[in-house]
Amino acid sequence: MQGFESAAPTSSYPVDRQQIQAIQDDLAECLGISLFVTSSSSDFITQPSGHVPSCLRTPGQRGNCQVVKKAIETGLMKREDKVFFASCGGARHVLVPIRQEDRLLGMMVGVERGGEREDLACDGGLTLLPPGDVCLRPLDQGQTAAMGSLLCSIASRLIEMDVRSRMVDWRMRELSVINEASVAMTSTLDLRALPDIVVRKAAELAQAEVAFLVMPDERTGDLRLAGSTGLPDAAKDRMRIPIGEGLIGTAAVAGEPVMENDVAVPFFEQQGEEPPAPRRSSMICIPLKAEGKTVGVLGVWRTGRAYGRESLQTIQSLVTHATFAILNARLYDDAQQALQKLNRLFELGTEISTVQSLDEVLKQINRHALEATHGAACNITLIDDDGSIKIRAAMGFPARINKRVIVRPEGLSMQVKRSGQPLAIPDNLNTSYSVNPAIVQIGFKSSLCLPLRAKEKTIGVMWVHYGEARTFLQSDISLLLAFANQAAVAIDNARLREELVQQATRDGKTGLFNHDFCLAHLRSELEKAKTVGAPLSLIMVDIDHFKEYNDTFGHVAGDEALRMVASLILAKTRKTDVVARYGGEEFMILLPNTDAEAALFIADRVRAAIEAASHRLSPSSGQAYLTASFGIASFPRFANTENELIERADKALYRAKALGKNRVTIFSP
């Protein structure tokens with residue numbers, strides 16, 4: 001039982017200590033020696049009969065006398081002899097092993113009274129002596145043997161009960177601590193607080209100076225500290241253990257416990273810059289396993305005392321409870337995080353769906369995607385029905401990079417579009433995928449591409465780029481895919497709104513604004529002009545000879561003529577001007593902050609362009625056939641209301657027609 005690790009006290013025994021003490025005292029008196037009985041693994045269980053020098057005893061609750069230690073260390077007690085005579089430190093001893101079957105329970109030790117000196121030392125080794133060299137008082141051998149046998153028998157029973165009682169007490173304490181640990185661990189689902197509970201209970205169970213729990217970093221694969229007790233702060237900061245290195249990393253890879261009772265340098269000091277003074281210590285590392293995968297490693301460490309199989313089994317019991325608790329807490333934590341992300345993505349999706357403009361929708365999607373993923377850059381590539389592909393919105397890209405340059409018609413975007421499945425690239429520099437060189441040149445180390453699907457159709461893709469290589473978790477990809485689906489619906493709705501707006505405000509043949517939109521815009525611009533005191537001009541345009549042209553060449557040619565005139569007007573006016581088809585072959589041009597003279601210049605430029613292109617409007621002969629006439633009215637010079645502006649611009653137009661057409665006329669009273 002040497003090396004048993006309990007120091008737990010016992011309170012009562014079924015054997016009377018006074019009985020063994022009385023027999024010991026009688027035997028010591030008869031033999032003329034000092035005598036006591038000790039166990040090999042627990043307290044002294046008798047008081048010495050006669051004076052025993054203090055150097056032959058080990059003070060404190062545990063331990064054997066130095067002579068017994070020497071006998072055990074030299075292997076003397078492995079022999080089958082029933083009695084040994086030895087010399088140690090100048091004194092002569094008689095040693096009677098107390099055995100039960102093949103186990104050494106303790107020893108009866110006698111010291112010749114002639115060697116009763118306080119200065120005796122037992123550092124010179126143990127020397128066996130023949131029986132005749134020990135001067136013991138002659139006794140009846142039968143009496144001596146009977147008394148010695150009785151003493152050893154009673155001592156054997158007492159020692160055995162002592163050991164068993166300690167083992168029961170210790171086991172009860174273990175079970176109590178494990179039960180307390182189980183209750184404490186299962187009573188919380190806080191993944192951040194749970195590791196500290198585990199290590200505190202592990203340290204208590206293992207009587208450890210240091211206990212720690214490391215868990216794999218899902219992104220780097222290294223083991224990182226999750227909780228500890230007794231660990232120096234400096235070691236906490238730098239504790240990052242590669243899988244497979246040291247006792248901790250080995251336990252993680254092997255999936256089996258590792259125990260070492262000869263650790264020269266503590267594991268947390270091996271990573272320091274200066275090696276500490278050598279000191280022996282013991283360490284146990286036990287992996288936490290679930291479904292064949294290591295989810296963590298629990299370790300305990302102490303100096304001075306070795307760990308045994310009992311300690312390993314005890315910590316293993318705690319690990320079983322800890323694994324269950326950590327898995328539950330992790331599932332709860334994952335569910336909470338997923339719920340928070342889903343709620344946030346739902347909020348973002350709702351926010352995006354309220355935006356009207358397509359450009360603003362795309363901008364919001366990029367911004368929210370970067371917020372949700374902590375990415376470095378994001379861009380949205382839309383694919384039209386005709387197969388054309390281009391980036392419609394980007395965020396986080398360097399200003400020097402032209403966003404159109406990084407679009408490849410047959411690149412990964414089109415592959416994701418065709419497959420409809422997300423694509424994760426953990427390392428853009430080391431991958432089999434054909435990553436766009438522009439992305440690598442910018443410095444993005446990893447990328448994630450998500451299809452944008454609406455109405456069972458992929459309308460584009462969303463790219464998120466990162467500044468570092470990273471592992472993409474399937475749970476994160478699934479959540480982002482849900483966000484991408486919401487984004488795709490918002491994009492599709494914004495496109496539909498723009499189409500509806502265009503149908504409501506645009507002319508179907510020419511693509512210009514229609515009559516109603518232009519009148520509404522005229523009212524708005526007139527109010528602005530009155531407020532700020534700025535001029536406003538209106539140009540009415542009518543194609544000359546359009547009815548004859550239509551009758552001669554047909555309505556298809558007439559529609560083509562309308563579209564060409566419309567495009568020429570747009571080309572020769574300013575971006576701030578509003579061009580509309582007023583009706584039939586008549587057009588309206590609204591010029592904010594423009595007086596009559598400036599309007600005259602613009603109108604004549606448009607007229608000249610139509611005249612120069614008129615030969616293209618004669619399908620058969622190529623003859624210059626169609627021209628246009630222009631009438632101008634201005635606020636506040638000639639009109640104060642929208643009706644007056646339209647009426648007087650019309651009058652100026654009719655005058656231009658009357659003067660021979662293909663000319664520009666300003667209204668005059």
Side-chain angles (χ1 to χ4, degrees), residues 218-219 334-335 337-349 352-353 361-384 387 389-397 403 406-440 442 444-493:
E218 292 181 331
R219 302 199 181 279
D334 290 345
Q337 290 189 26
L339 182 60
Q340 291 175 3
K341 290 180 180 179
L342 279 175
N343 288 337
R344 180 55 182 155
L345 290 176
F346 177 77
E347 293 172 0
L348 296 179
I352 292 170
S353 65
V361 166
L362 298 175
K363 181 179 177 181
Q364 292 286 355
I365 291 172
N366 277 336
R367 182 170 64 84
H368 292 323
L370 291 181
E371 175 188 335
T373 63
H374 305 290
C378 183
N379 67 270
I380 296 174
T381 299
L382 295 184
I383 304 165
D384 296 330
I389 175 173
K390 69 175 181 177
I391 291 181
R392 288 293 304 271
M395 186 174 293
F397 287 85
K403 61 184 180 182
I406 63 173
V407 178
R408 297 182 301 167
E410 293 302 322
L412 295 177
S413 294
M414 286 302 294
Q415 293 182 29
V416 172
K417 188 264 182 186
R418 285 191 288 267
S419 69
Q421 298 298 319
L423 173 64
I425 308 176
D427 188 346
N428 287 332
L429 296 177
N430 298 289
T431 180
S432 59
Y433 293 108
S434 177
V435 178
N436 195 314
I439 296 298
V440 177
I442 294 171
F444 297 141
K445 299 295 193 306
S446 58
S447 302
L448 177 63
C449 185
L450 300 165
L452 299 171
R453 292 183 60 82
K455 299 176 182 177
E456 299 183 355
K457 179 182 178 181
T458 303
I459 63 174
V461 297
M462 178 174 68
W463 281 95
V464 183
H465 304 286
Y466 301 85
E468 72 285 342
R470 56 179 295 166
T471 300
F472 294 98
L473 304 179
Q474 186 57 48
S475 57
D476 290 340
I477 294 176
S478 298
L479 285 172
L480 289 174
L481 196 56
F483 173 71
N485 290 335
Q486 286 184 297
V489 172
I491 292 171
D492 195 56
N493 289 340

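These values consider heavy atoms only, across backbone and side chains, with no hydrogens, waters or symmetry-generated copies.
The two residues M462 and A484 make their nearest non-hydrogen contact at CE-CB, 4.3 Å. In this structure, R392 and L382 approach most closely via the heavy-atom pair CG-CD1, 3.6 Å. Shortest non-hydrogen contact noted between K417 and V461 is N-CG1, 4.2 Å. C449 approaches V416 most closely through the heavy-atom pair SG-CG2, 3.7 Å. Of all non-hydrogen atoms in A487 and I365, the two that sit nearest each other are CB-CD1, 3.5 Å. Nearest heavy-atom pair, A488 versus A454, reported as atom, atom and distance to 0.1 Å: O-CB, 3.8 Å.
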Evaluate the criterion side-chain hydrogen bond (donor to acceptor under 3.5 Å, both in side chains) for residue pair R453 and T458; output intermediate values, then yes/no.
-> CA-CA 4 Å; R453 292 183 60 82; T458 303; 2.8 Å; yes
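The shortest side-chain heavy-atom distance between W463 and I439 does not fall under the 4.5 Å cut-off. Looking at heavy atoms from C-beta onward, P422 lies in side-chain contact with P451 at the 4.5 angstrom threshold. Within the 4.5 Å cutoff, the side chain of L423 has no heavy atoms near those of the L448 side chain.
Applying the side-chain contact (heavy atoms from CB on, under 4.5 Å) test to Q421 and every residue at least two apart in sequence or in another chain returns S419. Under the side-chain hydrogen bond (donor to acceptor under 3.5 Å, both in side chains) criterion, N485 pairs with no residue at all, not counting sequence neighbours. By the side-chain contact (heavy atoms from CB on, under 4.5 Å) test, A376 is found to be paired with F444, residues two or more places apart in sequence or in another chain being considered. Residues that satisfy the side-chain contact (heavy atoms from CB on, under 4.5 Å) test with L370, not counting sequence neighbours, are C378, M395. For S447, the side-chain hydrogen bond (donor to acceptor under 3.5 Å, both in side chains) criterion is met by N428, H465, not counting sequence neighbours. Not counting sequence neighbours, the partners of T431 by the side-chain contact (heavy atoms from CB on, under 4.5 Å) test are I425, Y433, V435.
A salt bridge is defined here as a Lys NZ or Arg NE, NH1 or NH2 lying under 4.0 Å from an Asp or Glu carboxylate O, and K445 with D427 fails to meet this definition.
When atom types are taken as modelled, the side chain of T381 and the backbone of I391 share no donor-acceptor pair closer than 3.5 angstrom.
Atom CG of L480 is separated from atom CG of L450 by 6.0 Å, given to the nearest 0.5 angstrom.
Side chains of R367 and Q364: a donor on one and an acceptor on the other come within 3.5 Å.
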